[in-house]
Amino acid sequence: MAGNTRDPGVSVASRLLALLAVFDERTPALTLTELADGADLPVATAHRLVRELVDWGALVRGDDGRYVVGRRLWKLGLLAPDQADLREIASPFLHDLYGATLATVHLAIRDGDEVLYLDRLAGHASVPAVSRVGARLPLYATGVGKVLLAYAPREVHDRVLRNLARITPYTVTHPGKLDSELRRVHREGYAQTVEEMTLGACSVAVPVRGEGESVVAALGIVVPSIGRDRARLVAALQVAARGIERSLRR
């Protein structure tokens, strides 16, 4: 066990995990000092452990001196059976949806109080979006997130509605209004956002159901505007979602 730590009873593995846990969607790149402070470690100890994580490929040091999560760690996470199987099954349907729309297409699941993006397809003609594979974003400000929040346990629903921060001028931050939108997801079968996460980007999303009709994921599409295309986009998403569902149940 290495010395020179603020809590000598904590294992090396715990310290490594504490360093990795400092990263999140709001802080994807961190300095050594920020990592040490976030993990409650002396800078010297953090420096040694971070160097080991870099050598292994879990972290990458950028030209600006800040550290980001490495591809090796992300690839390891993709080996989780539920995520790997879902991505593999959904992949052809995402490609069909992208081919038909040339818009950014998302497959996402709920991870605690955030939406986790498992897959993303986009091209030069697609609307720029902040999402990327492995990213975590607020449930309440994204189309796929609203779908997942609508079917989340009550404690998750209540906790998220108590912490609605404004991301753009159009983000829904009134709990009553958001709750009304979530009820509509149940009634009408889809969610939508209008520039709530990113200016110039709107989204539509539908649930993907597993065994027992439980919602296991959300399938979404990002476009510059919805307008008269809403029905067409919802129909295309639902066709793809039904295809994924049939494949999941085989």
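Computation of the quantities below employed the complete heavy-atom set of this structure, encompassing side-chain atoms and omitting hydrogens, waters and symmetry-equivalent molecules.
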Enquirer: Locate the shortest heavy-atom distance separating Gly70 from Val60; write the atom from each residue and the value.
Expert: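 The answer is CA-CG2, 3.8 Å.
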Enquirer: Between Glu213 and Arg249, is a salt bridge (charged side-chain N to carboxylate O under 4.0 Å, His left out) present by the stated rule, with each step listed?
Expert: CA-CA 11 Å; Glu213 292 299 301; Arg249 293 168 183 170; 3.2 Å; yes
Enquirer: A side-chain contact here means heavy atoms from C-beta on lying under 4.5 Å apart; do Val105 and Asp119 qualify?
Expert: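 A side-chain contact is absent here, since even the closest heavy-atom pair is not under 4.5 Å.
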Enquirer: Answer yes or no: does atom CZ of Arg228 have more than 12 heavy-atom neighbours from other residues, nucleotides or ligands under 6.0 Å?
Expert: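 No, the 6.0 Å shell around CZ holds no more than 12 heavy atoms from other groups.
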Enquirer: Does Phe23 form a side chain to side chain contact (heavy atoms under 4.5 Å, CB included) with Leu59? I'd like the steps, not just the answer.
Expert: CA-CA 11 Å; Phe23 292 94; Leu59 297 180; 3.6 Å; yes
Enquirer: For Thr101 and Ala103, indicate whether the former's side chain and the latter's backbone hold a donor-acceptor pair under 3.5 Å.
Expert: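 It does hold such a pair.
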Enquirer: Could you report the tightest heavy-atom contact between Cys202 and Ile226, atom names first, then the distance?
Expert: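 In terms of heavy atoms, the two residues are closest at CB-CG1, 3.8 Å.
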Enquirer: Once you round to the nearest 0.5 Å, how far does NE2 of His47 lie from OG1 of Thr33?
Expert: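 Answer rounded to 0.5 Å: 10.5 Å.
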Enquirer: Under 3.5 Å, is there a donor-acceptor pair between the side chain of Thr142 and the main chain of Gly145?
Expert: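 Side chain of Thr142 to backbone of Gly145, a donor-acceptor pair under 3.5 Å: yes, one is there.
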Enquirer: Are Leu17 and Leu73 linked, directly or through intermediate hydrophobic residues, by side-chain heavy-atom contacts shorter than 4.5 Å (ILVMFWY only)?
Expert: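 No, Leu73 does not connect to Leu17 through the hydrophobic network.
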Enquirer: Would you check, one step at a time, whether the test side chain to side chain contact (heavy atoms under 4.5 Å, CB included) holds for Arg209 with Val215?
Expert: CA-CA 4 Å; Arg209 300 178 186 274; Val215 173; 3.7 Å; yes
Enquirer: Ring of Tyr98, cation from Arg120 - is the NZ or CZ under 6.0 Å from the centre and inside 45° of the axis?
Expert: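 Cation-pi check for Arg120 and Tyr98: fails.
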Enquirer: State whether the side chain of Thr168 and the backbone N or O of Tyr170 hold a donor-acceptor pair below 3.5 Å, judged by distance alone.
Expert: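 Yes, the answer is positive, given that a donor and an acceptor are paired below the 3.5 Å cut-off.
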Enquirer: Tyr117, Val68: one ILVMFWY side-chain cluster at the under-4.5 Å cut-off?
Expert: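 Different clusters: Tyr117 never reaches Val68 through Ile, Leu, Val, Met, Phe, Trp or Tyr contacts under 4.5 Å.
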Enquirer: Does some side-chain heavy atom of Asp229 sit less than 4.5 Å from a side-chain heavy atom of Val223?
Expert: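 No, side chains not in contact.
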Enquirer: Grab the two heavy atoms, one from Ala217 and one from Leu148, that are nearest each other, plus how far apart they are.
Expert: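 Ala217 and Leu148 have their closest heavy atoms at C-CD2, 3.8 Å.
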Enquirer: Determine yes or no for a side-chain-to-main-chain donor-acceptor pair under 3.5 angstrom, with Arg72 supplying the side chain and Trp56 the backbone.
Expert: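 Yes, the answer is positive, given that a donor and an acceptor are paired below the 3.5 Å cut-off.
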Enquirer: Quick check: is Val12 connected to Val22 through a chain of hydrophobic side chains (ILVMFWY, heavy atoms under 4.5 Å apart)?
Expert: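 Same cluster: Val22 reaches Val12 through Ile, Leu, Val, Met, Phe, Trp or Tyr contacts under 4.5 Å.
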Enquirer: Kindly assign one of parallel, tilted or perpendicular to the pair Tyr151 and His186, based on the angle between their ring planes and the thresholds 30° and 60°.
Expert: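 Judged by the thresholds at 30° and 60°, the geometry between Tyr151 and His186 is tilted.
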Enquirer: Are Ile109 and Val216 close enough, and set up right, to give a side chain to side chain contact (heavy atoms under 4.5 Å, CB included), and what steps lead you there?
Expert: CA-CA 7 Å; Ile109 61 173; Val216 298; over 6 Å; no
Enquirer: If we ignore hydrogens and angles and just use 3.5 Å, is the side chain of Gln192 paired with the main-chain N or O of Ser203 as donor and acceptor?
Expert: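 A pair under 3.5 Å: no.
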Enquirer: Side chain of Tyr140, backbone of Ala165: donor and acceptor closer than 3.5 Å?
Expert: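 Side chain of Tyr140 to backbone of Ala165, a donor-acceptor pair under 3.5 Å: yes, one is there.
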Enquirer: Mind checking the CG-CZ spacing from Leu116 to Arg110? Nearest 0.5 Å is all I need.
Expert: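 CZ of Arg110 is found 11.5 Å from CG of Leu116.
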Enquirer: Report the distance from atom NZ of Lys146 to atom OG1 of Thr193, rounding to the nearest 0.5 Å.
Expert: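 So the gap between those two atoms works out to 6.0 Å.
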Enquirer: Given the rule that I, L, V, M, F, W and Y join up when any side-chain heavy atoms are under 4.5 Å apart, are Val69 and Val54 in one cluster?
Expert: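 Per the 4.5 Å side-chain linkage, Val69 and Val54 are co-clustered.
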Enquirer: Under 4.0 Å between a side-chain nitrogen and a carboxylate oxygen: does that hold for Arg162 and Asp158?
Expert: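 So Arg162 does not pair with Asp158 through a salt bridge.
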Enquirer: Of all the heavy-atom pairs spanning Leu137 and Met197, show the shortest one and how long it is.
Expert: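 Shortest heavy-atom separation between Leu137 and Met197 comes out as CD2-CE, 4.0 Å.
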Enquirer: Within this structure, what is the CZ-CG distance for the pair Arg242 and Leu219, rounded to the nearest 0.5 Å?
Expert: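 If I round to the nearest 0.5 Å, the distance is 9.5 Å.
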Enquirer: Can any side-chain N or O of Thr171 pair as donor or acceptor with the backbone N or O of Glu196 at less than 3.5 Å?
Expert: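 Yes, Thr171 side chain to Glu196 backbone: donor-acceptor pair under 3.5 Å.
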Enquirer: Under 3.5 Å, is there a donor-acceptor pair between the side chain of Thr45 and the main chain of Leu41?
Expert: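 Here the side-chain-to-backbone pair does not exist.
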Enquirer: Would you say Val239 and Leu107 are hydrophobically clustered, going by side-chain heavy atoms of ILVMFWY under 4.5 Å?
Expert: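 As far as the 4.5 Å side-chain criterion goes, Leu107 and Val239 are not connected within one cluster.
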Enquirer: Report the distance from atom CG of Asp179 to atom CZ of Arg184, rounding to the nearest 0.5 Å.
Expert: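 Atom-to-atom, Asp179:CG and Arg184:CZ are 12.5 Å apart.
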Enquirer: Let me confirm one number: the CD-CD distance from Glu245 to Gln238, rounded to the nearest 0.5 Å.
Expert: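 Here the interatomic distance stands at 9.5 Å.
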Enquirer: Return the minimal non-hydrogen interatomic distance between Ser247 and Ile89, and the atom names on each side.
Expert: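 Nearest heavy atoms, Ser247 then Ile89: CB-CG2, 3.4 Å.
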Enquirer: Looking only at heavy atoms, which two atoms of Ala191 and Gly143 are closest? And how far apart?
Expert: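 Nearest pair, atom of Ala191 first, then Gly143: CB-O, 3.7 Å.
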Enquirer: Go through it in stages, so that I can follow the logic: the residues are His157 and Leu182, the test is side chain to side chain contact (heavy atoms under 4.5 Å, CB included), and I'd like the CA-CA distance, side-chain angles, deciding distance and then a yes or no.
Expert: CA-CA 10 Å; His157 171 280; Leu182 298 179; 3.7 Å; yes
